[in-house]
*Asks:* 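Please find one structure pasted underneath; my questions will follow.
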Amino acid sequence: MADAAIQQKHFLSDKVAHFTESVIREMTRQAMLYNAVNLAQGFPDFPAPREIKEAAQEAIAGDVNQYAITWGAKNLRQAIARQMQVWQGILVDPETDVTVCCGSTEAMISTLLAVCNAGDEVVILEPFYENYGPDSILSGARPRFVKLRPPSTSDSEWIFDERELRAAFHNHTKAIILNTPNNPTGKVFTRSELELIRDLCVEFNVLAITDEIYEHILYDNAKHISIASLDGMRDRTVTINGLSKSYSVTGWRVGWTVAAPNITSAIRKVHDFLTVGAPAPLQEAGAAALGMPSEYYQKLAEGYRARRDRLIPALLKAGFRCFPPRGAYYVMTDIKAFGFADDVAFTRYLVQEIGVAAVPGSSFYNDPRDGAQQVRFAFCKRDETLDEAARRLGKLRSKT
Ligand SMILES: Cc1ncc(COP(=O)(O)O)c(C=O)c1O
C-alpha cells in the first residue's frame with residue numbers, strides 16, 4: 001500500500017499537490033447536475049453583441065483561419081493601444097508593448113512565469129480571484145496575502161490596512177497582483193489607494209500586475225483608474241485585460257497584456273511556448289469589439305447596475321447580508337443568519353435543496369476559515385434567471 005502511494009506520487013509535480021480543483025468551475029458542474037440556477041460562475045447567459053459575432057463570422061468566412069502573429073494580430077494590438085490612450089491616457093506602442101493571449105487567464109500566468117524566480121514573493125490582496133494563488137506557485141513564487149476587510153456599513157467599502165500592506169513588502173517581493181474592479185468584492189480601488197500602492201512599488205522596486213478585466217462594469221459613479229497611468233508606474237506595471245467581460249464572450253478566450261518592451265519581450269516568449277497564439281478569427285472580431293461606440297459601454301454598465309439592483313433586494317429578503325459592489329458583476333454576502341457550520345455546507349444545501357448555485361467564500365481566501373461565512377453570487381444573468389433565483393431563494397429560512 002505504502003509502495004503504491006509512493007509510486008502514485010512519483011508521477012506528480014509537488015507544485016500541484018496542494019491545488020484543489022477550481023471551486024467556481026465545480027459549482028457550474030453541480031448546477032447542471034441538480035438543475036439549479038447558476039449564479040456561481042461569472043459568464044453571461046444572454047447573447048453577445050450581434051456586431052461582434054458578425055465580425056467573427058466574417059473573419060472565418062474570409063479565411064483568417066491560420067496562426068496569427070504569435071503575440072497578436074496587428075489589428076487587435078492597434079485597437080488595444082488606441083483604447084488604452086482614449087480610456088486611461090496611457091501611450092502604448094502596439095509593436096513593442098502588447099501581447100495577445102488566450103484570455104486574461106493566460107495573460108496572468110504568462111506574466112508571472114516571465115517575471116518570477118524561485119524565492120520571489122507575490123503580494124495578493126484577499127479575497128482574491130482564485131487563479132492568482134496557483135498561478136504564483138506555478139511560476140515558482142510564494143504568494144503573500146494581505147486582507148481586504150469587509151464594509152462595516154452598507155455605504156462603506158472593502159479596505160486594506162496600510163501597515164499590513166507595507167509589512168508584506170520586502171526585498172524578495174517581485175510583484176503585487178491587483179484586481180480592480182474586483183472579483184469577488186466589487187471594490188473599485190480609489191486613486192489614493194492606488195497611489196499608496198504605487199509608492200510601495202517604487203520604494204521596494206516591485207512590479208504591479210493589474211487585472212482590469214471588469215474595467216467597464218462600474219456603478220454609482222465609480223471611476224476605473226489604471227495604476228499604469230500614475231506617475232512612475234508606466235514601466236513597472238503589467239496591465240491585463242480581455243474581451244470576456246466587456247463584450248460577453250467568455251468562451252472566445254482572448255485577453256492581453258500591456259507592459260514596457262523588456263517585460264513584453266519576456267511575456268511574449270513564455271506565451272509563444274505555452275500556447276503559440278490566441279484564436280486568429282476571434283482576434284479580428286476583438287479589433288471590431290474595441291471599436292464599439294461609447295454608448296455601448298454605458299449600456300453595458302447600466303444593464304449590470306439594473307441586474308445588481310434586481311438581485312440584491314432578493315438576497316436581503318432571503319436573509320443574506322450583502323456587500324453591494326461598485327464594479328464587476330458579483331455580490332459577496334454574509335451567511336451568518338442561516339446558522340450553517342460553513343460556506344461549503346451552505347452552498348451544498350443551496351444547490352441541492354434550494355436549486356441555486358453560488359460560490360463558497362472560502363475559495364477566495366488562502367485560509368478557508370476566513371471565508372467560512374461568506375458566499376458569492378454572480379448577477380451577469382437575464383432578468384428571468386435572476387427572478388427564478390429570487391423565487392427559489394424565497395424558500396430559504398434565516399435563523400434570526
Ligand atoms: C478577476 C478575473 N480575472 C480573469 C478572469 C478570467 O478572464 P478570461 O476569460 O479573460 O480568462 C475572470 C473570470 O471570471 C476574473 O473574474
Side-chain angles (χ1 to χ4, degrees), residues 22-28 31 38-45 48 52 72 76 80 98-113 122 124-136 138 143 148 158 175-189 208-218 224 226-227 238-258 267 271 274-275 277-279 282-283 285-286 289-290 304 325-332 357-359 361 363-365 376-381:
S22 157
V23 181
I24 298 177
R25 270 82 82 187
E26 166 62 19
M27 285 314 296
T28 287
N38 186 0
L39 303 189
Q41 201 174 354
F43 62 84
D45 69 348
I52 302 176
L76 177 57
I80 292 164
V98 180
T99 310
V100 177
C101 295
C102 296
S104 59
T105 300
E106 194 236 319
M108 179 61 76
I109 185 69
S110 287
T111 300
L112 287 164
L113 287 168
V122 173
I124 300 175
L125 291 156
E126 67 172 352
F128 57 91
Y129 175 57
E130 63 173 356
N131 283 32
Y132 301 155
D135 282 352
S136 308
L138 286 173
L148 287 171
W158 290 76
I176 176 168
I177 298 180
L178 283 176
N179 172 216
T180 183
N182 184 264
N183 171 14
T185 65
K187 177 180 174 65
V188 179
F189 284 71
I209 304 173
T210 167
D211 176 343
E212 302 186 357
I213 187 136
Y214 297 102
E215 86 174 304
H216 295 296
I217 304 176
L218 297 162
H224 170 66
S226 283
I227 196 168
V238 179
T239 306
I240 291 176
N241 212 324
L243 298 183
S244 286
K245 313 290 176 170
S246 298
Y247 307 99
S248 309
V249 287
T250 59
W252 281 16
R253 315 309 305 130
V254 179
W256 54 84
T257 63
V258 176
I267 295 171
H271 158 71
L274 275 183
T275 65
L282 304 183
Q283 293 193 51
L290 278 133
Y304 282 125
R326 309 279 174 239
Y329 48 47
Y330 309 96
V331 55
M332 265 297 239
V359 180
S363 56
F364 303 103
Y365 289 89
R376 188 201 76 176
F377 293 88
F379 54 82
C380 45
K381 308 292 170 183

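Atoms within a ligand are numbered from 1 in the order they appear, just like the ligands themselves.
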*Asks:* Side chain, backbone, both or neither: which applies to K245 and ligand 1 if a contact is any heavy-atom pair less than 4.0 Å apart?
*Replies:* side chain

*Asks:* Under a heavy-atom criterion of less than 4.0 Å, does R253 contact ligand 1?
*Replies:* yes

*Asks:* Can you list the atoms of ligand 1 that are under 4.0 Å from a heavy atom of G103?
*Replies:*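 Listed by number with element: 10 (O), 11 (O).
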
*Asks:* Give a yes/no verdict on whether any heavy atom in Y214 is under 4.0 Å from an atom of ligand 1.
*Replies:* yes

*Asks:* Using a 4.0 Å heavy-atom cut-off, which part of Q41 comes near ligand 1: side chain, backbone, both, or neither?
*Replies:*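 The answer is neither; Q41 stays 4.0 Å or more away.
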
*Asks:* Could you go through the side-chain contact (heavy atoms from CB on, under 4.5 Å) check for V249 and L282 one step at a time?
*Replies:* CA-CA 10 Å; V249 287; L282 304 183; over 6 Å; no

*Asks:* Test the K381-F43 pair against the cation-pi criterion, namely NZ or CZ under 6.0 angstrom from the six-membered ring centroid and within 45° of the ring axis.
*Replies:*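 Because its charged atom sits under 6.0 Å from the ring centre and within 45° of the axis, K381 does stack over F43.
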
*Asks:* With a 4.0 Å heavy-atom cut-off (strictly under), which part of T105 contacts ligand 1: side chain, backbone, both or neither?
*Replies:*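 Both backbone and side chain of T105 come within 4.0 Å of ligand 1.
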
*Asks:* Applying a 4.0 Å heavy-atom criterion (strictly less than), which segment of W252 is in contact with ligand 1: side chain, backbone, both, or neither?
*Replies:*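 No part of W252 is near ligand 1 at this cut-off.
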
*Asks:* Classify the ring geometry of Y304 against Y329: parallel below 30°, tilted from 30° to 60°, perpendicular beyond 60°.
*Replies:* tilted

*Asks:* Can you name the atoms of ligand 1, numbered from 1 with element, that are less than 4.0 Å from a heavy atom of N183?
*Replies:*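 Counting from 1, the qualifying ligand atoms are 1 (C), 15 (C), 16 (O).
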
*Asks:* Around atom 8 (P) of ligand 1, find the nearest protein heavy atom and jot down its residue, atom name and distance.
*Replies:*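 Ranking protein heavy atoms by distance from atom 8 (P) of ligand 1, first comes S104 OG, 3.3 Å.
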
*Asks:* To the nearest 0.5 Å, tell me how far H271 NE2 sits from T111 OG1.
*Replies:*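 H271 NE2 to T111 OG1: 11.0 Å, rounded to 0.5 Å.
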
*Asks:* For ligand 1, which atoms sit closer than 4.0 Å to a heavy atom of Y132?
*Replies:*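 Per the distance check, 1 (C).
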
*Asks:* At a 4.0 Å threshold, what atoms of ligand 1 neighbour a non-hydrogen atom of N179?
*Replies:* 1 (C)

*Asks:* Below 4.5 Å, heavy atoms only, C-beta onward: do L39 and F379 meet side chain to side chain?
*Replies:* no

*Asks:* Looking at atom 3 (N) of ligand 1, what's its closest protein heavy atom, distance included?
*Replies:* D211 OD2, 2.6 Å

*Asks:* Would G242 count as a contact residue for ligand 1, given that I'm defining contact as a non-hydrogen atom of the residue lying under 4.0 Å from a ligand atom?
*Replies:*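 For ligand 1, residue contact (heavy atoms, under 4.0 Å) with G242 is absent.
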
*Asks:* Is the contact between Y329 and ligand 1 made by the side chain, the backbone, both, or neither, using heavy atoms and a 4.0 Å cut-off?
*Replies:* neither

